[in-house]
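Worksheet: one structure, shown below.
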Amino acid sequence: MEFNIIKKSKKSRARLGLLNTDHGVVETPALVTVATQASIKTLTSEEAESVGSQLLIANTFHLHLRPGENIVKNAGGIHKFMNWNRPLMTDSGGFQVFSLGFGSDLNIGKSVKKNSNLIAMPAHAGRVGQSKEVIKEGSNPKNVKITDDGVYFSSPIDGRKLFIGPKESVRIQESLGADIIFSFDECPPPLASKAYIAQSLNKTNRWAEICIKTKKSKQALFGIVQGSRFKDLREQSAKYTNSLGFDGFGIGGDFGKDKKETSDIILWSTKYLDPKKPRHMLGIGHPEDIENVIKNGIDTFDCTVPTHYARRGIAFLDDKGKRLDLRKSKFLKDQKPLDPKCSCNVCRSYRRSYLCHLIKANEITGMHLLTLHNLYFFNSYIAGIREKIKRGTI
RNA sequence: GUGGCUGUAGCUUAGCGGCAAAGCACCGCUCUGUGGCAGCGGGGAUCAUGGGUUCGAAUCCCAUCAGCCACC
């Protein structure tokens with residue numbers, strides 16, 4: 001992999017780049033389309049390409065559980081396995097371990113929103129005080145056991161007792177054969193105390209070294225910056241991760257409750273990173289978040305929103321929060337195209353009335369059409385941002 | 001025609017003398033390193049109709065109507 005920055009904005013920290021891999025080039029900034037189980041849900045690989053997706057991200061954890069990395073390896077690697085001949089990354093599985101653990105214990109995502117009432121909620125995993133930090137150092141989630149070596153857990157599919165640590169994650173990712181792979185990290189919950197985050201960071205850093213030592217392949221390996229919402233921990237994490245000689249970086253964990261906090265967190269996380277290397281933000285964003293993230297110097301980011309929301313009946317129309325919820329019956333009588341301003345095949349051919357019917361009837365065709373539209377919308381919206389960087393307006 | 005069973009929210013049903021419930025559907029809201037999952041909140045009923053018994057009836061009794069089943 002090779003990363004070339006072809007333009008740096010004078011107005012912001014945004015950068016225009018070309019990410020070269022053995023499977024082609026990605027124009028950055030770019031959204032990475034999520035294909036967790038080697039599938040862009042409801043779409044074929046060709047269809048994902050047809051709506052402008054340049055790069056996919058699949059998941060180590062899911063593919064290890066099913067079908068198992070050897071199946072993929074024997075099929076000729078993940079590109080051949082899923083007939084995607086363009087660039088592809090695999091996530092390390094660290095986040096999925098969090099989802100199984102504290103995530104499901106507390107029923108939370110990786111960020112806590114402003115209006116969250118979690119603080120008042122009794123937590124299984126720690127003391128509830130007046131502070132937000134309900135998870136203390138040394139505490140462990142119920143379904144997984146996190147040790148210094150890695151994570152013990154039982155398979156949500158068949159209950160098998162399993163273990164994934166940094167070595168295992170890298171070996172699995174080598175078998176899968178993506179162009180870019182990620183270091184195995186711990187994604188601590190947003191409510192964790194500073195002491196817990198600091199301890200978790202030590203683990204992530206040690207695991208990063210092991211990942212680098214383990215890797216034998218030519219795949220690009222990205223290290224992950226953690227540190228939650230704490231400036232000193234983010235900076236410390238960035239400095240250390242940068243020192244290890246990764247090919248690029250991921251930024252993970254809690255991104256705060258609003259744009260300002262997200263901007264701060266990105267700044268702290270990237271300030272001490274080699275500016276010539278690519279930076280991937282893990283798990284963001286809504287259309288409203290994207291420009292901000294790009295302006296803060298992020299090159300790629302993956303998000304389930306375009307595909308996941310499509311399956312829930314939501315179509316995105318602009319970057320200011322305008323969307324259509326096709327589950328609402330009022331659209332049964334709406335004869336307008338999905339988005340009159342959009343030029344994707346779905347908007348050119350299908351009207352809201354029909355799409356609403358499909359979604360309400362739980363027809364996969366409805367999810368399929370909305371997935372096509374949403375990915376087209378996100379990909380072309382971001383292509384527009386690349387144009388703006390080129391023209392110097394962002 | 002005779003006998004039996006059943007009529008409770010839009011649908012499927014629970015409740016069988018003491019504040020009318022649930023699931024689905026409907027309406028609203030959540031769900032950023034993906035179960036198509038899930039969660040939260042809401043509106044909804046002359047308990048088939050009419051009479052009776054009772055302090056009190058969806059519940060017991062009688063009649064009527066409707067549906068289903070069996071038998072002449």
Side-chain angles (χ1 to χ4, degrees), chain A residues 31-43 55-63 65-66 89-100 103-104 106-118 121 156-157 169 173 178 180-190 204 222 224-226 249-259 262 265 279-290 292-293 298 300-314 316 323 325 327-330 332 358-368 370-371 374-375 378:
Chain A
L31 166 75
V32 183
T33 297
V34 172
T36 302
Q37 303 199 72
S39 152
I40 309 107
K41 293 182 191 289
T42 79
L43 260 53
L55 173 60
L56 303 184
I57 183 165
N59 193 276
T60 299
F61 174 83
H62 292 264
L63 293 173
L65 295 183
R66 183 171 54 195
M89 14 172 87
T90 45
D91 193 6
S92 66
F95 177 77
Q96 284 61 39
V97 166
F98 157 68
S99 305
L100 274 183
S104 76
L106 299 176
N107 192 25
I108 49 177
K110 63 183 180 145
S111 294
V112 176
K113 293 288 180 284
K114 262 183 188 167
N115 55 358
S116 169
N117 57 1
L118 264 179
M121 196 178 115
I157 295 172
S169 176
Q173 294 189 79
I180 296 167
I181 67 177
F182 280 93
S183 179
F184 189 71
D185 64 328
E186 184 187 4
C187 183
T204 293
F222 283 23
I224 297 178
V225 178
Q226 288 285 352
F249 305 99
I251 298 164
D254 189 355
F255 298 141
K257 64 182 182 298
D258 55 36
K259 268 186 199 171
T262 305
I265 288 171
R279 301 151 176 184
H280 177 85
M281 193 142 171
L282 290 151
I284 210 164
H286 277 94
E288 304 93 298
D289 300 325
I290 289 175
N292 181 48
V293 162
I298 295 299
T300 56
F301 46 91
D302 66 278
C303 191
T304 65
V305 160
T307 46
H308 198 175
Y309 274 50
R311 271 171 281 128
R312 288 165 26 202
I314 291 168
F316 290 90
R323 20 172 120 155
D325 183 347
R327 288 172 302 189
K328 297 201 187 311
S329 303
K330 61 180 177 183
L332 284 172
L358 293 180
I359 292 297
K360 288 181 83 72
N362 207 24
E363 284 287 348
I364 50 177
T365 301
M367 302 174 194
H368 172 70
L370 291 190
T371 302
N374 280 354
L375 282 177
F378 274 75

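Since we're looking at a predicted model, the values are computed, not measured. Convention: sequence-line order gives letters A, B, ...; per-chain numbering from 1.
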Along RNA chain B (nearest heavy atom to each residue), the more 5'-positioned of H286(A) and N362(A): H286(A)
Starting at the 5' end of RNA chain B, which residue's closest nucleotide do you reach first, E363(A) or R327(A)?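 Closest to the 5' end, via its nearest nucleotide, is R327(A).
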Taking all heavy atoms of [X] and all of [Y], pick out the closest pair and write down the distance.
X: R323(A); Y: H286(A); result: NH2-CD2, 3.3 Å
X: T371(A); Y: K41(A); result: CG2-O, 3.9 Å
X: I359(A); Y: G366(A); result: CD1-C, 3.8 Å
X: L56(A); Y: A35(A); result: CD1-CB, 4.2 Å

Could you tell me whether [X] contacts a base, only the sugar-phosphate backbone, or nothing, with contacts defined as non-hydrogen atoms closer than 4.0 Å?
X: D91(A); result: base
X: Q226(A); result: base
X: K360(A); result: sugar-phosphate
X: D289(A); result: base
X: V34(A); result: base
X: K41(A); result: base
X: Y309(A); result: sugar-phosphate
X: I224(A); result: base
X: H62(A); result: sugar-phosphate

Could you state the atom-to-atom distance from [atom1] of [X] to [atom2] of [N] in whole Å?
X: I290(A); N: U32(B); atom1: CD1; atom2: P; result: 14 Å
X: K328(A); N: C27(B); atom1: NZ; atom2: P; result: 8 Å
X: H308(A); N: C37(B); atom1: NE2; atom2: P; result: 8 Å
X: L65(A); N: G35(B); atom1: CG; atom2: C1'; result: 13 Å
X: I359(A); N: C27(B); atom1: CD1; atom2: P; result: 14 Å
X: D302(A); N: U32(B); atom1: CG; atom2: C1'; result: 9 Å
X: I364(A); N: G35(B); atom1: CD1; atom2: C1'; result: 15 Å
X: D325(A); N: C26(B); atom1: CG; atom2: C1'; result: 14 Å

Spacing of the [atom1] atoms in [M] and [N] (rounded, Å):
N: C27(B); M: C69(B); atom1: P; answer: 36 Å
N: A48(B); M: A9(B); atom1: P; answer: 8 Å
N: A14(B); M: U8(B); atom1: P; answer: 10 Å
N: U12(B); M: C37(B); atom1: P; answer: 25 Å
N: G7(B); M: U46(B); atom1: C1'; answer: 15 Å
N: C47(B); M: A58(B); atom1: C1'; answer: 4 Å
N: A57(B); M: C16(B); atom1: C1'; answer: 11 Å
N: C26(B); M: C62(B); atom1: P; answer: 42 Å

Can any side-chain N or O of [X] pair as donor or acceptor with the backbone N or O of [Y] at less than 3.5 Å?
X: K259(A); Y: E288(A); answer: yes
X: N59(A); Y: T36(A); answer: no
X: N374(A); Y: F316(A); answer: yes

Quick check on G33(B): is either OP1 or OP2 less than 4.0 Å from any side-chain nitrogen or oxygen of T36(A)? no
Look at K257(A) and U32(B) and indicate whether a side-chain polar atom (N or O) is within less than 4.0 Å of OP1 or OP2. no
[X] side-chain proximity, nearest of [options]:
X: D185(A); options: C26(B), U32(B), G33(B); value: G33(B)
X: R312(A); options: C26(B), C31(B), G33(B); value: C31(B)
X: T304(A); options: U32(B), C31(B), C26(B); value: U32(B)

I need the L43(A) CG to L375(A) CG distance, nearest 0.5 Å.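 Going from CG on L43(A) over to CG on L375(A), the span is 6.5 Å.
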Interatomic distance, I224(A) atom CD1 to D91(A) atom CG [nearest 0.5 angstrom]: 6.0 Å
When you look for runs of 3 or more Watson-Crick or G-U pairs in a row, both distances below 3.5 Å, which of them include RNA chain B? B:1-7 with B:65-71, B:10-13 with B:21-24, B:26-30 with B:38-42, B:48-52 with B:60-64
Is it the case that the side chains of S329(A) and K360(A) hold a donor-acceptor pair, with the cut-off being a distance below 3.5 Å and no angle test? yes
Hey, is G33(B) sitting syn or anti, using the within-90° cutoff around 0?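 In terms of base orientation relative to the sugar, G33(B) is anti.
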Spell out yes or no: do the side chain of N59(A) and the base of G33(B) have one donor N/O and one acceptor N/O closer than 3.5 Å? no
